[in-house]
> 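I'd like to ask you about the structure that follows.
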Number of protein chains: 4
Amino acid sequence: MPERSPDPARRSERSRTAILSATRKLSAELGYQAMSIEAIAAAAGVGKQTIYRWWPSKGVLMLDMWGEQVQLQGEFPDTGDVAADLKVQIRGLVELANDPELGPSLRSLIGAAQHEPALLEELLTSIVRPRIEACKRRLRKAQEDGQINRGVDLDIAVDLLYGGFYHRLVLPVTRLDDAFVNGIVDEALRGIGATL
Amino acid sequence: MPERSPDPARRSERSRTAILSATRKLSAELGYQAMSIEAIAAAAGVGKQTIYRWWPSKGVLMLDMWGEQVQLQGEFPDTGDVAADLKVQIRGLVELANDPELGPSLRSLIGAAQHEPALLEELLTSIVRPRIEACKRRLRKAQEDGQINRGVDLDIAVDLLYGGFYHRLVLPVTRLDDAFVNGIVDEALRGIGATL
Amino acid sequence: MPERSPDPARRSERSRTAILSATRKLSAELGYQAMSIEAIAAAAGVGKQTIYRWWPSKGVLMLDMWGEQVQLQGEFPDTGDVAADLKVQIRGLVELANDPELGPSLRSLIGAAQHEPALLEELLTSIVRPRIEACKRRLRKAQEDGQINRGVDLDIAVDLLYGGFYHRLVLPVTRLDDAFVNGIVDEALRGIGATL
Amino acid sequence: MPERSPDPARRSERSRTAILSATRKLSAELGYQAMSIEAIAAAAGVGKQTIYRWWPSKGVLMLDMWGEQVQLQGEFPDTGDVAADLKVQIRGLVELANDPELGPSLRSLIGAAQHEPALLEELLTSIVRPRIEACKRRLRKAQEDGQINRGVDLDIAVDLLYGGFYHRLVLPVTRLDDAFVNGIVDEALRGIGATL
DNA sequence: ATTTAACCGAGACGGTACGTCTAGTCTTGAT
DNA sequence: ATCAAGACTAGACGTACCGTCTCGGTTAAAT
């Protein structure tokens with residue numbers, strides 16, 4: 001027998017929606033850890049099998065719920081002012097992190113990914129890497145425009161710009177606010193040779 | 001009835017040590033999540049109650065093990081060369097992350113803390129905040145020495161220096177290696193006004 | 001919420017049988033007291049929940065096993081010879097008591113019932129009282145047939161006939177054998193006015 | 001090392017008494033089953049070890065407490081009227097069984113003996129067998145006096161006389177009262193050839 | 001229009017681990 | 001050496017979920 005994968009064409013949209021809604025509701029109420037698949041199934045009025053059939057793990061279910069709810073900004077803007085463009089993007093992330101529902105949910109997701117390699121890969125592929133690439137494209141453009149040093153290692157640049165965000169997200173010693181956004185972008189850009 | 005707390009004077013050192021060793025071993029093998037109290041007790045040749053008696057949660061047990069096993073570098077060195085001093089410290093962290101036993105264990109721990117507020121608080125208090133403060137003390141000294149700008153926000157500086165590490169730890173898109181250490185410190189310091 | 005009782009239609013016959021067999025085996029080996037639900041589940045290759053789902057207590061499980069395994073002689077035979085009929089019945093009990101598996105199990109059960117009122121009640125209702133009533137019906141018939149005195153108190157008669165069995169079962173000073181059966185019935189019947 | 005048995009000479013009478021009292025009190029309050037060694041120790045103000053040191057099991061402790069509290073009637077009276085003498089003795093047993101403290105305690109003891117061979121042996125030796133022998137001596141006397149048949153098996157006679165008591169004690173379908181005492185003795189004696 | 005095959009809700013199943021409880025042993029310091 | 005106190009190993013308790021596995025009962029496509 002090859003794989004016995006279910007037929008997406010016959011999938012019940014009603015169930016899919018109910019499961020994602022229940023997931024969103026319960027993850028906000030109980031947190032990722034305390035939210036059991038059983039509880040999601042019960043809250044959604046759905047059989048457990050229907051969840052197991054379509055999602056490989058609770059983490060991936062969360063990620064799917066995320067994809068549904070959050071419109072992840074695609075390409076970076078390019079106004080010619082690289083500092084301003086970066087601030088817009090990072091400010092978007094900060095707002096997400098401060099959302100009372102999505103913030104904890106994002107933290108949970110990153111947390112779960114630490115002991116679920118498949119979820120981590122999915123998270124990197126669907127969210128993290130695309131954003132990093134977009135950021136690097138914008139920085140490359142800034143190099144061409146002569147706004148930042150040509151020799152700089154863009155991975156390092158990304159760490160300078162985004163690392164602070166993740167640092168404060170997972171180890172919240174300090175607030176994530178607008179002052180943070182402006183400070184981090186300005187200092188990071190100066191680090192990589194921008195004349196501000 | 002007051003609390004019925006056990007008497008630390010009569011505590012068995014033998015058991016305490018065996019439990020912490022088993023925790024170290026199992027957290028590396030299985031990760032924080034999959035490591036059960038039952039398994040720790042069995043591996044340590046100890047009754048479960050002995051674990052529950054002395055530790056309020058698996059997370060705190062992990063932190064205790066960490067405190068025991070890892071010589072957490074206390075104060076920053078001060079050789080006069082702030083860049084070199086920072087590199088030593090961050091290189092230490094990177095080595096920890098790349099240790100086959102402690103690295104996975106640290107990632108696991110940070111992951112679990114994302115949905116366990118009590119664990120997070122304990123982690124911040126016992127490990128993260130002391131290190132950040134030590135770093136800020138060193139940076140303040142560098143300001144006094146005229147090596148970096150006096151006006152710079154030290155929290156931002158810490159994010160520039162350490163954020164990249166956590167970024168690459170929890171979302172491992174890029175390697176944590178020596179090139180990273182040198183790159184991040186040099187660029188970050190330039191960002192905060194060091195003349196390298 | 002009403003009761004959340006399981007659906008007997010979906011019950012696994014395989015598990016039910018395995019549990020009852022394991023109970024029979026273990027109660028003989030270990031006795032009622034020392035036989036744990038965990039051990040039954042393990043021996044039956046069954047989840048503990050499956051036992052808890054269908055039986056309210058270990059005692060009821062034991063009684064169920066008994067009902068299953070032992071062909072509890074229902075009505076007394078009526079050959080016209082009351083002495084012979086009684087001997088058949090009591091000899092059956094004696095054989096049960098001497099069975100290497102069921103004997104210890106029965107003693108265990110009666111023993112446990114001495115400090116578990118609910119178990120005692122269940123035992124009386126499901127096993128003891130029906131047998132006593134059957135015996136009394138047979139004795140009443142014998143009274144009508146003029147084989148024993150009409151005035152005799154049937155509860156006393158039952159004690160004369162069955163008391164010796166329980167005496168020797170729980171306080172085994174003397175053997176339970178065929179001589180016992182014949183002796184007790186003959187003397188008891190003479191006591192209550194039979195002309196043998 | 002040979003046996004490491006404690007030295008009875010150094011035994012604390014204070015503790016022994018306190019333990020037996022606590023046992024009596026708790027067995028009446030909670031019943032045999034629910035009465036834990038821990039609770040006895042706590043109630044007696046005694047270390048658990050002191051109990052384990054001097055008694056091999058809870059059942060034997062109960063038996064000891066019994067021996068302390070109950071003055072077990074020794075020899076049967078011999079008034080010349082065997083029926084009357086037997087009724088006195090059995091009435092004594094019935095009163096014991098109906099005592100609100102000693103009755104449950106006796107039942108518990110018999111119950112526990114069903115899965116504790118050592119306790120059973122102790123119980124038979126210290127209480128049951130001596131009483132049976134005394135009864136048989138009295139019956140033998142009655143045979144000599146021509147009050148009952150010479151050929152009768154005395155073990156059977158004992159079962160007829162005492163069996164009813166144990167039957168009603170361990171499987172209390174019917175009351176243990178004076179009518180029972182009179183009925184059982186009269187019918188039993190008639191069974192074994194007494195002319196009443 | 002009927003068959004048929006998948007998905008669906010429901011929930012029983014074999015398991016693992018939970019955190020609590022008690023048994024019986026071991027250790028410590030006081031008498 | 002025994003005692004009170006209580007920490008220890010051990011393991012069962014009854015509960016909660018895990019992920020798998022039937023079971024009938026809808027659907028929706030293929031006959």
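Below, read A as the first sequence line, B as the second, and so on, with proteins coming before strands; counting in each chain starts at 1. Treat the numbers as computed from the prediction; the structure is a model and nothing was measured.
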> Reading nucleotides 25-31 of chain E from the 5' end, what letters show protein touch, with B for base, S for backbone sugar-phosphate only, - for no heavy atom under 4.0 Å?
BBBB---
> With sequence neighbours left out, what residues match C:Ser15 under side chain to side chain donor-acceptor pair (under 3.5 Å)?
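Testing C:Ser15 for side chain to side chain donor-acceptor pair (under 3.5 Å), a comparison that skips the adjacent residues, returns C:Ser12.
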> A:Ile51 CD1 to E:dG9 P: how many Å, rounded?
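In whole Å, E:dG9 P lies 9 Å from A:Ile51 CD1.
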> Kindly say if B:Trp54 contacts the phosphate of F:dC8, meaning a side-chain N or O under 4.0 Å from OP1 or OP2.
yes
> Sorted by first residue and then second, give each salt bridge (Lys or Arg N to Asp or Glu O under 4.0 Å) pair with at least one member in residues 14-24 of chain D; sequence neighbours left out.
D:Glu13-D:Arg16, D:Arg16-D:Glu68, D:Arg24-D:Glu101
> Given atom CZ of C:Arg11 and atom P of F:dT22, what is their separation to the nearest angstrom?
19 Å
> Restricting to pairs with a member in residues 102-124 of chain C, which pass salt bridge (Lys or Arg N to Asp or Glu O under 4.0 Å), not counting sequence neighbours?
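Pairs touching residues 102-124 of chain C that pass the test: C:Glu121-C:Arg129.
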> Residues in side-chain contact (heavy atoms from CB on, under 4.5 Å) with B:Ala34, at least two apart?
B:Leu30
> Just to be sure I understand the geometry, which residues of residues 15-40 of chain A put a non-hydrogen atom under 4.0 Å away from DNA chain E?
A:Ser15
> Does E:dC7 have OP1 or OP2 sitting under 4.0 Å from an N or O in the side chain of A:Thr50?
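For E:dC7, neither OP1 nor OP2 has a side-chain N or O of A:Thr50 closer than 4.0 Å.
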> If you look only at distance, which donor and acceptor atoms sit under 3.5 Å apart when one is on a side chain in residues 41-53 of chain D and the other is two or more places apart or in another chain?
unit_1: D:Lys48; atom_1: NZ; unit_2: D:Glu38; atom_2: OE2; d: 2.8

> Reading DNA chain F from 5' onward, which residue's closest nucleotide shows up sooner: C:Lys58 or B:Glu13?
B:Glu13
> Does a side-chain N or O of D:Arg53 approach OP1 or OP2 of F:dT2 to a distance below 4.0 Å, or not?
no
> Could you list the residues that satisfy ring-ring contact (aromatic ring centres under 6.0 Å, His included) with C:His115, not counting sequence neighbours?
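Result, ring-ring contact (aromatic ring centres under 6.0 Å, His included) vs C:His115: D:Tyr32.
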> To check you understand the geometry: which heavy-atom pair defines the closest contact between D:Ala112 and D:Leu119, and what is its length?
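That closest heavy-atom pairing would be CB-CD2, 3.7 Å.
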> Heavy-atom nearest nucleotide on DNA chain E for C:Gly45 versus A:Gly47: which residue maps closer to 5'?
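Closer to the 5' end of DNA chain E: A:Gly47.
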> D:Ser27: which residues meet the side-chain contact (heavy atoms from CB on, under 4.5 Å) condition with it, sequence neighbours left out?
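In terms of side-chain contact (heavy atoms from CB on, under 4.5 Å), with neighbours along the sequence ignored, D:Ser27 is linked to D:Met35, D:Met62, D:Met65.
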